[in-house]
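Inspection log for the structure reproduced underneath, given as structure tokens.
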2 protein chains.
Amino acid sequence: MGDTDLIEAFGACAAVTDMLSRVGDKWSMQVVMKLGEQPRRFNELRRAVDGISQRMLTRTLRNLERDGLISRTVTPTVPPRVDYALTGMGHSLAEPVRRLSHWVLENRMEIEAARAEYDRQDAD
Amino acid sequence: MGDTDLIEAFGACAAVTDMLSRVGDKWSMQVVMKLGEQPRRFNELRRAVDGISQRMLTRTLRNLERDGLISRTVTPTVPPRVDYALTGMGHSLAEPVRRLSHWVLENRMEIEAARAEYDRQDAD
DNA sequence: CAGAATCCAAGAGGATACTG
DNA sequence: CAGTATCCTCTTGGATTCTG
């Protein structure tokens, strides 16, 4: 393995870790999933994603837009109208995320059982 | 949709978000991937996962163990020997995570391009 | 060898108030 | 409506020191 390959591998690993942290942040995937159903406006999205603060919705949308996962369309009327939608890449990300979510749903009972057992042992 | 279904749906969504945050934390998936290759001892793992601190390796391993994703086997010799390995559930998680990683590798150029474009626009 | 304990810096994220 | 700005708290994670 040459230096170029090493650099490639390192960059790739960093890229994976980087994107996993986006997938793992508190709101990004919930927003992506909601936009996967249909495009939505800002406050529409805010009501759809339960519990998200306005500040975090703004920040989450900016990050997703920066990564090219969603598009932001401004209609300069009064009051302003802003529509958000998944891009092609955003849609393609939703697929592996759905698989992961599916894994969680299939295994959540076992996970909860493992936690309960661990905490029980810990209590001794 | 009855109350039970609502609670179910809410619990499921919370479980997904919860596990995504584990997948998205800085070290968990790197540790899982290394243990996917072969079981390892503590310091072996520490050398294998580049850049991880001893504190974070300990915490990461505890979390993964608590979730039932890895097993921890202590051999009470002097000095002590502790072996970590993926459980069956740990191995099954590695699969959807690999798919997600694959997606990242396929799309990382486009993501980087989107970021560069976004930052360029932002500079104006 | 495999950690536990402590301290510290940076960032995530919520609440509130204000704006074009 | 769709944000921005500010303040504050809690969590994440690194560095360092100590132990059975």
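Letters go in sequence order (proteins before strands), and every chain restarts at 1. Everything numeric in this text was worked out from a predicted model, so none of it was measured.
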Find the distance [X]:[atom1] to [N]:[atom2] and express it as a whole number of Å.
X       : N      : atom1 : atom2 : value
A:Leu61 : D:dC1  : CG    : C1'   : 14 Å
B:Arg81 : C:dA2  : CZ    : P     : 8 Å
A:Asp83 : D:dA2  : CG    : P     : 8 Å
A:Leu57 : C:dA15 : CG    : P     : 14 Å
B:Tyr84 : C:dA2  : OH    : C1'   : 7 Å

Please check this pair: side chain of [X] against backbone of [Y], looking for a donor-acceptor N/O pair closer than 3.5 Å.
X        : Y        : answer
A:Thr87  : A:Gly68  : yes
A:Thr17  : A:Ala14  : no
B:Asn107 : B:Trp103 : yes

Footprint string (nucleotides 6-20 of chain D, 5' to 3'): B base within contact, S backbone only, - free, heavy atoms under 4.0 Å: B------BBB----B
Set out, in order, the CA-CA distance, both residues' side-chain angles and the distance that settles side-chain contact (heavy atoms from CB on, under 4.5 Å) for A:Asp50 and A:Gln30, then state yes or no. CA-CA 9 Å; A:Asp50 195 66; A:Gln30 293 187 60; over 6 Å; no
Taking a hydrophobic cluster as the set of Ile, Leu, Val, Met, Phe, Trp and Tyr residues connected by side-chain heavy atoms closer than 4.5 Å, whether directly or through intermediates, do A:Val82 and A:Val78 fall within one such cluster?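 Shared cluster, no.
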Table please: side-chain donor-acceptor pairs of residues 38-46 of chain A below 3.5 Å, with sequence neighbours left out.
from, atom 1, to, atom 2, distance (Å)
A:Arg40, NH2, A:Glu37, OE1, 2.9
A:Glu44, OE1, A:Arg41, N, 2.9

Would you indicate whether the side-chain heavy atoms of B:Asp67 and B:Met19 approach each other to under 4.5 Å? yes
Under the salt bridge (Lys or Arg N to Asp or Glu O under 4.0 Å) rule, what do B:Arg115 and B:Glu112 come out as? Steps first, then yes or no, please. CA-CA 5 Å; B:Arg115 286 179 183 171; B:Glu112 278 173 32; over 6 Å; no
For DNA chain D, which residues of residues 31-43 of chain A approach it to below 4.0 angstrom with any heavy atom?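 Under 4.0 Å from DNA chain D: A:Arg41, A:Phe42, A:Asn43.
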